[in-house]
Visitor: 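Dumping the structure here so I can ask a few things about it.
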4 protein chains.
Amino acid sequence: MTKKPARAAIASVARAGSHAPEAGADAEARVSNRAARAAERRAAIVEAAMDEFITRGFAATRLDDIAKRAGVAKGTIYLHFKDKESMFEELVRIVIVPVVTRLTALPPPVGSVRDLIEAFAGNFLKEVIGTRRGDLVRLIVAEGPRFPSVADFYYREVVSRGIAAMRALIELGIARGEIREKDLARYPQILVAPAMIAVIWQSLFVRHAPLDAQDMLRVHLDLIFGERRTT
Amino acid sequence: MTKKPARAAIASVARAGSHAPEAGADAEARVSNRAARAAERRAAIVEAAMDEFITRGFAATRLDDIAKRAGVAKGTIYLHFKDKESMFEELVRIVIVPVVTRLTALPPPVGSVRDLIEAFAGNFLKEVIGTRRGDLVRLIVAEGPRFPSVADFYYREVVSRGIAAMRALIELGIARGEIREKDLARYPQILVAPAMIAVIWQSLFVRHAPLDAQDMLRVHLDLIFGERRTT
Amino acid sequence: MTKKPARAAIASVARAGSHAPEAGADAEARVSNRAARAAERRAAIVEAAMDEFITRGFAATRLDDIAKRAGVAKGTIYLHFKDKESMFEELVRIVIVPVVTRLTALPPPVGSVRDLIEAFAGNFLKEVIGTRRGDLVRLIVAEGPRFPSVADFYYREVVSRGIAAMRALIELGIARGEIREKDLARYPQILVAPAMIAVIWQSLFVRHAPLDAQDMLRVHLDLIFGERRTT
Amino acid sequence: MTKKPARAAIASVARAGSHAPEAGADAEARVSNRAARAAERRAAIVEAAMDEFITRGFAATRLDDIAKRAGVAKGTIYLHFKDKESMFEELVRIVIVPVVTRLTALPPPVGSVRDLIEAFAGNFLKEVIGTRRGDLVRLIVAEGPRFPSVADFYYREVVSRGIAAMRALIELGIARGEIREKDLARYPQILVAPAMIAVIWQSLFVRHAPLDAQDMLRVHLDLIFGERRTT
DNA sequence: AATGAATGAGCCTTCATTCAT
DNA sequence: CATGAATGAAGGCTCATTCAT
């Protein structure tokens, strides 16, 4: 299973918010032990819930299954989340925040704009397309209309930031003469569109026709930057 | 509401299969009356179900609500559909088939490839983006993984055909020298991607930021065909 | 199918109660035609309903299935019977009455009592055990508690008469010295018990162990009359 | 009502399978308390279901009514039984098994065969005829054809064993010269038939004519063993 | 804190009954 | 008379939520 690392990662995030009492060493140890276990449990629930929601959608997911998968009792879920709906809403936040955090801590912008964007695309390819995170995108597309708060959050934290970042890069590319099409800066969505399509394609149509996302993205960048001279 | 035309269209489709007896005018009237009423009811159910499924997703949709919205009793639904699942599956077919039929009956390919594609895009803009049909696309993306038969159908009837048609156009464009990027023929998805993004954007993010889909598509075509000299 | 004769027989019974108008020959023919067809329909319904009730029991039988089996529309049933319950009640009457009638028109009591009873048993063997009529007995046992009127009717028309007839025969046998056990006259049920057991056995346990009802009944009569000297 | 003892008996059976931890008295008390409560609930459901099924038959019985009668919520039933059908099937097992167990633990075969059989009959009279257990027999006769597994179970556990036991007794009786009719060993059903008839009679016709089952069985045994000299 | 048995509202589906044609 | 589409009450089953232990 590839779950352990992910779980651990999330657990560390969950733990981040916990308090660190300064009492006696014993008490402290006990407490932090408890807190640690609670955090682990919470992380396990988050992990399990994510998997279930992605697989079945919000409405068709049973708390029973989440509990079983997380290895906790059903009641335990209610110690961490108010109810199913708010669990879903928090979940999306919990899973997305670290992703955004990592992406925000970008490598310093060295090299050509195309290099930057290719680095980006490579990351996206590896970390999103065809992974559980890609399914999360599809989940948000699926449930967004029924969970405005989720759509809001996703727009605010991911979409608007991503669009802004892409726009900045495009403008830089235009300024540097790498990109000819000036209007592209008005629609960074065009830059991102094939990547999104790749995400959706992997979820729905791999069975019918596999898609070489990496190659497709390369072609798309050729379109924008002009064909690359093979170095 | 945009319902009236859709409903009428569907009703006429449903009616298409009915027989037109040549017996006495009375009998004919009676029969066609009944058949017509049945078709109307069926159309109303299809209409209502579509709305509910789009609004709430499959699992969260109640047959009770569909019945209420369609103005029929709950039991009536079961005169037309075996159960909720097959209703959903048939629904997608029922709504998509006429669209495909219409698109297949294409205008004769005159003019430049760009003109053709712009005509296409214009149609898509008017008939899909921001309409209930666009929501249907989102619904399929959302429920596809849980309804393989729906995903299969959609891939077979819409996606694969659309990809093939786009590829043919792209190849024509390359042959005619309208399109420079030769690799584009391998990924017609790139041509379509911004349109799909527009569909999803309208469903999820219009509230946050409106998107001028028409203009965006124009920019995208500029990218592919080179900037249009303003005539 | 062995249904046709039974159906015809019942139909004639059903017809018995119909009125014979004396109007013009034409009208009369038309009317009696109609009446005949109505009677046929009714008979078909009775036949079909019996089969279904026997197979599935009262509650699990669907009027839809009865109608289909009888070759009529569901609504037609309501032209002949008030509702499902009274249909069931009437049905039992309709099917049982001719049986009782036939049995009442007994052959003249000639020969030994044992001969008489053996004739009886032979009849029962042929006409009840392992036949649909046997299943009807099981049906009455099954539904009796929920249909007191059916149990009442069955007791009055079949059980009490049968018991009385058996008692008369037993008393005759005692008087003639064929039967030694005088107390048997107080419990004619003992005489009938193995035959009833055979009926039930055929319905429930033939699969597990076949039962030679004829031989068993012979042994039982040997018990009552003493072993028969093989003539 | 005769429910209390039966309920208690069943509860004790259900409890039999529970573990008796040797840990702290507290924990033990708690656990056994819970287990006991669960067993009680289960017993109450069994009890209530039995009553309802006997009164209304399988199809006409509502789980709602069972729940109400058992004093539990509808959902609770599903903690103990998979669904209505398997509840019915298990029920028959649950109620019959202890009876069979008790009967299998027979009194040592002392005295004449007639005495043995009379003891048997006495038991049957007291414990089956006219009791809820008798009604259960009628229920099995009624629903057997629709529940082959029930009929199978009943044949295997009760009928075939009973027949075998009776046959052994009859053969003993023949060997000892108590029974004259040698063929009886081939049809132990004859020995049992009046008892079964008494069971059914009590369910259906007591209202119309009471039946002194004990006296009838005595007469039947006189028939088989010869009249008893009054001691 | 953690558990999981118990609850009961809610939903899909069936089917007896009605009634316009 | 006959039909069968339409109805809607009723019932089996699920599952989010609660709470005693």
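Numbered from 1 within each chain, the chains take letters A, B, ... in sequence-line order. Quantities reported herein were computed from a predicted structural model and do not represent experimental measurements.
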Visitor: Figure out the CZ/C1' separation between F58(A) and dC15(F), and round it to whole Å.
Guide: 12 Å
Visitor: Is the phosphate of dA2(E), meaning OP1 or OP2, less than 4.0 Å from a side-chain N or O of R41(A)?
Guide: yes
Visitor: Between R146(C) and E143(C), is the salt bridge (charged side-chain N to carboxylate O under 4.0 Å, His left out) condition met? List the steps.
Guide: CA-CA 5 Å; R146(C) 263 140 301 162; E143(C) 306 288 356; 3.5 Å; yes
Visitor: In whole angstroms, how far is the P atom of dG12(F) from the CD atom of E52(D)?
Guide: 11 Å
Visitor: Check the surroundings of atom CZ in R93(D): do more than 12 heavy atoms from other residues, nucleotides or ligands lie under 6.0 Å from it?
Guide: yes
Visitor: Rounded to whole Å, please give me the gap between CZ in F81(D) and C1' in dT14(F).
Guide: 18 Å
Visitor: Is there a donor and acceptor pair, one atom on the side chain of K74(C) and one on the base of dT3(F), closer than 3.5 Å?
Guide: no
Visitor: So which nucleotide from dT17(F), dC15(E), dT3(E) ends up closest to the side chain of A73(A)?
Guide: dT3(E)
Visitor: Using side chain to side chain contact (heavy atoms under 4.5 Å, CB included), reason through R56(A) and D65(A) one step at a time and then give a plain yes or no.
Guide: CA-CA 11 Å; R56(A) 305 172 140 66; D65(A) 289 344; 4.2 Å; yes
Visitor: DNA chain E: A38(D) or E85(C), which has the more 5' nearest nucleotide?
Guide: A38(D)
Visitor: Side chain of L63(B) only, heavy atoms from C-beta on: which candidate in dT7(F), dT17(E), dC12(E) is closest?
Guide: dC12(E)
Visitor: Applying the Watson-Crick and G-U wobble criteria at under 3.5 Å, what pairs with dA20(E)? Answer none if nothing qualifies.
Guide: dT3(F)
Visitor: Please tell me which of the listed nucleotides, dA16(E), dT7(E), dA1(E), lies nearest to the side chain of L79(A)?
Guide: dA1(E)
Visitor: Return the nearest nucleotide to the side chain of Y78(A); candidates are dT17(F), dC12(E), dC1(F).
Guide: dT17(F)
Visitor: Taking for each residue the nucleotide of DNA chain F bearing the nearest heavy atom, is the 5' side occupied by T61(D) or by A59(A)?
Guide: T61(D)
Visitor: Is the closest side-chain heavy-atom distance between F53(B) and V92(B) below 4.5 Å?
Guide: no
Visitor: Separation of I77(B) atom CD1 from dA5(F) atom P, in whole Å?
Guide: 16 Å
Visitor: Between D64(A) and V72(C), just flag the one whose closest nucleotide in DNA chain F comes earlier from the 5' side.
Guide: V72(C)
Visitor: Can you tell which of R69(D), K68(D), R62(D) makes a side chain to side chain donor-acceptor pair (under 3.5 Å) with E52(D)?
Guide: R69(D)
Visitor: Can you tell me the distance, in whole Å, between the NE2 atom of H80(B) and the P atom of dG4(F)?
Guide: 15 Å
Visitor: So if I take every side-chain heavy atom of K84(B) and compare against dA16(F), dC12(E), dG12(F), which nucleotide ends up nearest?
Guide: dC12(E)
Visitor: Take R37(A) and D83(C), find for each the nucleotide of DNA chain E with the closest heavy atom, and name the residue whose nucleotide sits nearer the 5' end.
Guide: R37(A)
Visitor: Which nucleotide, in any strand shown, forms a Watson-Crick or G-U wobble pair with dA1(E), with both distances under 3.5 Å?
Guide: none
Visitor: Would you kindly give the CD1-to-C1' distance between I66(C) and dT17(E), to the nearest whole Å?
Guide: 14 Å
